[in-house]
Amino acid sequence: MPQISIIPKPSNLLLGSGEYNFLADASISYEGAGADSIASLLTEYLRPATGFVLPITEGSQGTIQLYVEGTSELDPEGFVDETYKLEVNANGVQIHALNTAGLARGIQTLRQLFDPAILAKKPQKIDWQLPFITIQDTPRFRWRGQHIDVCRYFFSVEEVCKFIDLIALHRLNVCHIHLTEDQGWRIEIKAFPKLTEVGSIRKQTLVGHEGDRPRIYDNKPYGGYFTQDDIRTIVTFAEQRHIMLIPEIDMPGHMSAAVASYPELGNPGYDVEVRCHWGISQHVLNLEESTVEFAKTVLDEVMDLFPSPYIHIGGDEAPKFEWSECANAQSRMQELGLKSENELQSWFIQQLDTHITQAGRRLIGWDEILEGGLAQNATVMSWRGEEGGVEAAKQGHQVVMTPHQHVYFDYYQAEPKSEEPLAIGGMSTTEHVYAYEPIPAALPEEQYHQVLGSQGQLWTEYIPTMDHMEYMGFPRICALSEVLWISKEEKNYTDFLERLKVHRQRLAILNVNAHPRP
Ligand code: ACM
């Protein structure tokens, strides 16, 4: 029997003596609202490696029994209690949860109780055994996420789904997908077809690092986007796994691809193309009434596609240069009674906040949305450090902590950098990620509950393939999943590294190109 090596470590685990033989006569039963969907997912997970076609029946007679015994009602922040109890004994496996999300976490733990070969895509000649065990498990944080950027480079539906399945394996529950950028617009919007006809294609791509001079390009057009049907496929895949898929439409900066498609969205006098290199663009949206309407229409289509309670509107890195230079923007500010360009940005975000709130969703944005006054219902993603998160929490808002110093997985992860593939910069080792504490030291205790959690960021300027994305993501995502699941006191890096050895076998079987260190 292999050692128990679950990542993230369950909050409570009691190993019994003995094991259950999981044989071809195994079956799955379910009771409670929605539990059948998790039963289907579990058979899909177990079939390829075992070759067993596990029958699913309603009731309590299965060798694997799934029970939903509570409510799926969302808390005020849009989350459910993911607590589950998993027991393996002489009768087989019983998983009890309050709702299907808890069951979804429970079956991921069950997958990790088997020999790693359970994750293989082809039948394995193995006697499948499960250790007698009782696991009572609740995550520390509600928001346990991973972000991916499909704009700087584009990834296929299959690749994104594989990535979401890896997120699920680590009992994370949020995937934040960055869909629009200066370098490419990657989601079909029916009302504005040129966003993808024009905006999804850049004429070439920078070779080397953004800081290198002279700039050298590859002279090859680069493009790609998700149709609305593609998005529906990804949304359904995430929903089955109870992963909250949060779309980001980044505004009013990072909009060169949109302005290249519809120049009337930009500020007059600037010739804007889909950007072919990295860094922060000076080009931003104008904030005329028609542009605000454009943004709302795009968000309406996005909200029709994505059921997530949160809609990310970006708000980061929007230079105020064009607005301060441009007579139209200055008169717009006067007309609206605004005293600064920062206030203009905040006014715009407030328009989006009202629109998103009226649709029954919540606006979330990067911490720059604090600068000209925070919109009433906004949740803040604190990326430039912890200060934005602390400030937003003090103002009574919910926050997600994403400080680049700890959870930017586009940063280097090992020394010497010269032996690593080119990255944006920085350094955040797996050990550094594991040591991260999402509650900022500067936050007063009465505001701790406003920290929803954290997530890793995978910006893809220097990550052209999914293989490379996996190399940057793993094992740092494994470390972060544990930071977000167990209490600060229970964390133990040495113990994590021991479990990681077995977990690496899982990643290898899943064809995940994880970094070899630590
Ligand atoms: C960001 O990294 N610009 C949010």
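Counting convention: from 1, in listed order, for ligands and their atoms alike. Quick note: numbers below take in every heavy atom, side chains included, and nothing from hydrogens, waters or symmetry partners. Since this is a predicted model, take the numbers as computed values, not measurements.
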**Message:** Quiz question: by atom type and distance under 3.5 Å, do the side chains of Tyr471 and Glu420 form a donor-acceptor pair?
**Reply:**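 A pair is found: one side chain offers a donor N or O, the other an acceptor, under 3.5 Å apart.
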
**Request:** May I ask you to identify, for Met381, whether its side chain, its backbone, both or neither come under 4.0 Å of ligand 1 on a heavy-atom basis?
**Result:**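 For Met381, there is no contact with ligand 1 at all, from either part.
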
**Asked** Does Phe474 have Arg476 sitting over its ring (NZ/CZ under 6.0 Å from centre, angle to axis within 45°)?
**Response**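 No.
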
**Message:** With rounding to the nearest 0.5 angstrom, report the CD1 to CG distance, Ile477 to Leu484.
**Reply:**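 Reported to 0.5 Å precision, the distance equals 11.5 Å.
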
**Identity and separation of the nearest protein heavy atom to atom 2 (O) of ligand 1** =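 Going atom by atom, the protein heavy atom closest to atom 2 (O) of ligand 1 ends up being Tyr408 OH, 2.7 Å.
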
**Asked** Considering only the protein, which heavy-atom contact is closest to atom 3 (N) of ligand 1, and what is its distance?
**Response**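 Looking only at protein heavy atoms, the one closest to atom 3 (N) of ligand 1 is Asp316 OD2, 2.7 Å.
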
By number and element, which atoms of ligand 1 are closer than 4.0 Å to a non-hydrogen atom of [X]?
X      : value
Trp459 : 1 (C), 2 (O), 4 (C)
Trp366 : 4 (C)
Glu317 : 3 (N)

**Request:** Evaluate the ring pair (Phe, Tyr, Trp, His ring centres under 6.0 Å) criterion for residues Tyr153 and Tyr222: first the C-alpha distance (whole Å), next the side-chain angles of each, then the deciding distance (0.1 Å), finally the verdict.
**Result:** CA-CA 8 Å; Tyr153 287 98; Tyr222 184 92; 5.3 Å; yes

**Message:** Using ring centroids (six-membered ring only for Trp), state whether Trp278 and His209 fall under 6.0 Å.
**Reply:**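 Judged by ring-centre distance (under 6.0 Å), His209 and Trp278 do not meet the cut-off.
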
